[in-house]
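Down below is the structure, laid out as structure tokens.
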Amino acid sequence: MYLSREEEAILDGELGYPYALAMKVVVAVGESLKAERLIPVVHAHVSGVSYFNIGDAGLEFIESLVGNNAVFRVFTTANPYAAILSSSYGSLPDDVVGKQLKIINYLRSMGARAFTCAPYYVRRPSYGEHLAWAESNAVLYANSLIGAWSNREGGPLALLEGLLGKTYAAGVHIREGREPKCFVSVKNHESSFLYSSMLGLKVGELCPDSIPFVEGLEGMSEEHARAFLASFGSTSNAPMVVFNKLTPHSQEFLKHLDIVERFSVDLSDLRSALSDLRDARENGEVLYFIGCPHLSLEEITNMLRYLLGEGRKSPGKGELWLGVSDTVSLDDETLKHLSERGVRIVRGMCPVTTKLSLMGIKYVVTDSGKALHYMPKLAGVKVVIKDRGEILKEFLHGGEEVR
Ligand code: F3S
């Protein structure tokens, strides 16, 4: 790989150990992918922030960087951390909370601006911008809906790229790397958060390693496209989806389509699979969770207006957690009213990567296909999936199913 004089100097240690390490790793990854040069990025997004994901080894790695004065050289955000809040279910063990706080403080000291899985709401990328992002839903959003360019990086790699402000010119950073190889035609789509989420899981299963061109979802809202992409990223490794007439310049992709596989998905077939997942109720402590990925300001505002307006009809079972970026703040009065109704604004946290079973939670009701995919393994709970409106109603009616 060609390196500029400045890049060579960093590799030789001119800026110190963290930057030399970063250069060595990024160059090695780039060379393995046949990249010929490095390119600047304007925003890095680090994943692997939950202590449950990275453990002591990850904590020690970040500690060693901070101990050697590592600082991000471009705008950098980080994924949410484990849910270290105290709730009516109880809290996580003190040592876990302590280690999680260390990780958060180290990343802040390096310059992380926010903890969220929706970095596009903290700093919206522009069309054609190069990014080094590591959260799959965010990468898919940036490539597919904005037309920005980011590979789907691993968490440590994105962190090292944030130190350098550079990535390798390969994958979807080059035009050929963005071409769809899989074609999916969707029939009878019903636009809702839930169905878009379920569809994302299905299309990901059909195209596990290649970028799909998806037709039949024209006119889908950005909110529903976001739900689709978050789920798609759980079952596919592809960093991008080309939605017909939704992805910027989607028609350009049609001109040089070189499709290897073609599929058709009828939403009617997904509906029967959904009924099993909706009715898998469990005994024990229930948590209602909306916000995987983190909610936009508009979504949270609408939801809070509804929740505070309706009031909770009975003391009910369980709490409702709403996931947002730690940059979202609400006044104390609103938080008090919400807390009296059993609603918690979970700022900067990810319940999906938190061992909720340690808090005594047995099952979770959510609208997220991504949470459905990961929570049983990572959080140690059963998951029931429902539409957002149904979840809010059920919660407000004290855990009684409302259809
Ligand atoms: Fe965000 Fe955690 Fe879901 S990082 S996308 S809330 S799995």
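We count residues from 1, following the sequence as given. All ligand and atom numbering here is 1-based and tracks the order in the structure.
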Does the side chain of [X] come under 3.5 Å of the side chain of [Y] through a donor N or O and an acceptor N or O?
X      : Y      : result
His294 : Ser325 : no
Glu153 : Asn151 : no
Glu36  : Tyr2   : no

- Task: Look at Cys292 and state whether any of its N, O or S atoms is less than 2.8 Å from atom 2 (Fe) of ligand 1.
- Result: no
Is the closest heavy atom of His294 to ligand 1 under 4.0 Å?
no
Does Tyr127 have its ring centroid less than 6.0 Å away from the ring centroid of His249?
-> yes
query: From atom 3 (Fe) of ligand 1 out to just under 2.8 Å, does an N/O/S atom of Cys117 turn up?
result: no
- Judged by atom type as modelled, is there a donor-acceptor pair below 3.5 Å linking the side chain of Glu218 to the main-chain atoms of Gly216? yes
Between Lys336 and Glu340, is there a salt bridge with N-O shorter than 4.0 Å? yes
Looking at [X], which atoms of ligand 1 are within less than 4.0 Å of one of its heavy atoms?
X      : answer
Val352 : 7 (S)
Lys370 : 5 (S), 7 (S)
Pro80  : 4 (S)
Cys350 : 2 (Fe), 4 (S), 6 (S), 7 (S)

